[in-house]
Amino acid sequence: MSMIRKAEKKDVNGVIPLLITAIDEMKTVFTGYTDEKKILSKLGEYFLLDEGRYTYKNFSVCEIDGKIAGIIVAYHSDEGEELDEVMLAGLQKNGITRDYFEKEFYENEYYIDSVAVGSDYQGRGIAKQLIKFAEDEGRKMGYEKSSLIVHMDKEKAYSIYKKIGYEEDSKITVYGEKYKHMVKKL
């Protein structure tokens, strides 16, 4: 039986490997590392904090039989720069100076940053359930629209987003990678 709930700090070991699959193209940008173990460790540090883009507070999880089957990360786009300060400070400790991360979203959107489902759980509608959960959360908080980006090469994900009501409104480039920006009225 599956249950979708807000993430807790204890979920770190189940969440971070899934996050890496979702942010694959950006994991080095956000952590400053190319080594997989160091990337896991740094993202785990971010998750355990009480603030920042990848704090546990921005995650929801789908749990099946006590295991994390899927994740979603969502937050208000207008808080993006503030949320990124944690990662920027972490990079600076490693000698990497970056003033900001390239924008993935526009103003006044409830932004779905990342969605990932474990390979053993794919094909069960978990991503759709997670997105609906995040949309409901956004609606409860008074947001009028939700947004996300999907890599140009991820046609399967694009198709899922279209089926659940997201419409492409622009194309953007983030760190040299091309994405479709999609929105849905909540």
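No experiment lies behind these values; they were computed from the predicted model shown.
- When hydrophobic clusters are built by joining Ile, Leu, Val, Met, Phe, Trp and Tyr residues whose side-chain heavy atoms come closer than 4.5 Å, directly or via intermediates, I172 is grouped together with F105.
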Trace of the side chain to side chain contact (heavy atoms under 4.5 Å, CB included) decision for I72 with F59
CA-CA 6 Å; I72 191 162; F59 282 76; over 6 Å; no
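- Placement of I20 and V86 within a single hydrophobic cluster is found when ILVMFWY residues are connected by side-chain heavy-atom separations under 4.5 Å, directly or transitively.
- Linking Ile, Leu, Val, Met, Phe, Trp and Tyr residues whenever their side-chain heavy atoms come within less than 4.5 Å leaves V115 and I16 in two separate clusters.
- Checked by atom type and distance alone, the side chain of S77 pairs as donor or acceptor with a backbone atom of E109 at under 3.5 Å.
- The two residues K154 and A22 come nearest to each other via the heavy atoms NZ-O, 4.5 Å.
- Dense packing is recorded around NZ of K103, with more than 12 heavy atoms of other residues, nucleotides or ligands lying under 6.0 Å away.
- A salt bridge links D11 and R5; the closest N-O separation between the charged side-chain nitrogens and carboxylate oxygens is under 4.0 Å.
- The number of heavy atoms from other shown groups lying within 6.0 Å of CD (E51) does not exceed 12.
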Side chain to side chain contact (heavy atoms under 4.5 Å, CB included), that's the test. Do N58 and L83 meet it? Break it down for me.
CA-CA 10 Å; N58 290 336; L83 292 173; 4.0 Å; yes
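- Of the options K145, K128, K140, K184, a salt bridge (charged side-chain N to carboxylate O under 4.0 Å, His left out) to E135 is made by K184 and by none of the others.
- If you look at Y46 and Y54, their ring centroids are not closer than 6.0 Å.
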Checking L130 against I71 for the side chain to side chain contact (heavy atoms under 4.5 Å, CB included) test, could you report, in this order, the C-alpha distance in whole Å, the side-chain angles of both residues, the deciding distance, and whether it holds?
CA-CA 7 Å; L130 285 163; I71 63 158; 5.6 Å; no
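- Residue-environment remark: NZ (K67) stays at or below the threshold of 12 foreign heavy atoms within 6.0 Å.
- Minimum heavy-atom separation, V29 to F101: O-CE2, 3.6 Å.
- A pairwise comparison of heavy atoms in G32 and L91 identifies N-CD2, 3.4 Å as the closest pair.
- Here I164 contributes atom CD1 and S159 contributes atom OG; the two are 10.5 Å apart, rounded to the nearest 0.5 Å.
- Within a 6.0 Å radius of NZ in K38, no more than 12 heavy atoms belonging to other residues, nucleotides or ligands are found.
- Remark: K57 does not engage E8 in a salt bridge, criterion side-chain N to carboxylate O under 4.0 Å.
- How far NZ of K42 is from CD of E45: 4.0 Å, rounded to the nearest 0.5 Å.
- In this structure the side chain of R124 never reaches within 4.5 angstrom of the side chain of Q129, judged on heavy atoms.
- Closest of all the heavy-atom pairs between D78 and N108 is OD1-N, 2.8 Å.
- Remark: the backbone N or O of V73 is not paired with any side-chain donor or acceptor of D113 at under 3.5 angstrom.
- The environment of E144 atom CD is sparse: at most 12 non-hydrogen atoms of other residues, nucleotides or ligands sit within 6.0 angstrom.
- The structure places CD1 of I39 at 6.5 Å from OG1 of T34, a figure rounded to the nearest 0.5 Å.
- By the 6.0 Å contact criterion, CD on E82 is open, its count of non-hydrogen atoms from other residues, nucleotides or ligands being 12 or less.
- With values rounded to the nearest 0.5 angstrom, Y121 atom OH is found 8.0 Å from I126 atom CD1.
- Atom CG in L88 sits 12.5 Å away from atom NZ in K93 (nearest 0.5 Å).
- A distance-only check finds a donor-acceptor pair linking the side chain of T21 to the backbone of L18 [under 3.5 Å].
- By the 6.0 Å contact criterion, NZ on K10 is enclosed, its count of non-hydrogen atoms from other residues, nucleotides or ligands being greater than 12.
- Checked against the 6.0 Å centroid threshold, H181 and Y106 count as a close aromatic pair.
- Side-chain atoms of N94 do not come within 3.5 Å of backbone N or O of I96 as any donor-acceptor pair.
- Judged by distance alone, with hydrogens and angles left aside, the side-chain atoms of S147 form no donor-acceptor pair with the main-chain N or O of V183 at under 3.5 Å.
- Among all heavy-atom pairs drawn from A157 and V150, the shortest one is CB-CG2, 3.9 Å.
- Without hydrogens or angle criteria, D84 side chain to E81 main chain gives no donor-acceptor distance under 3.5 Å.
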Decide yes or no on salt bridge (charged side-chain N to carboxylate O under 4.0 Å, His left out) for E104 and R53, but give the supporting numbers first.
CA-CA 12 Å; E104 305 168 39; R53 180 191 292 223; 2.6 Å; yes
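- The aromatic rings of H151 and Y179 sit perpendicular, their planes meeting at an angle over 60°, well past the 30° parallel limit.
- Contact check for E168 versus Y158: side-chain heavy atoms found under the 4.5 Å cut-off.
- Each of Y166, Y110, Y111 was checked for a side chain to side chain donor-acceptor pair (under 3.5 Å) with S146, and the lone residue meeting it is Y166.
- No donor-acceptor pair closer than 3.5 Å links the side chain of E167 to the backbone N or O of K162.
- Minimum heavy-atom separation, L19 to S114: CD1-OG, 3.8 Å.
- Under a hydrophobic-cluster definition in which Ile, Leu, Val, Met, Phe, Trp and Tyr are linked whenever side-chain heavy atoms come within less than 4.5 Å, directly or via other members, I23 and Y56 are assigned to the same cluster.
- Two different hydrophobic clusters hold I112 and Y75 under the rule that ILVMFWY side chains link at heavy-atom gaps under 4.5 Å.
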Show the numbers, then the answer: is there a side chain to side chain contact (heavy atoms under 4.5 Å, CB included) between Y33 and T28?
CA-CA 5 Å; Y33 295 115; T28 298; over 6 Å; no
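- With T31 contributing its side chain and K27 its backbone, the two residues share a donor-acceptor pair below 3.5 Å.
- Contact check for I4 versus V61: no side-chain heavy atoms found under the 4.5 Å cut-off.
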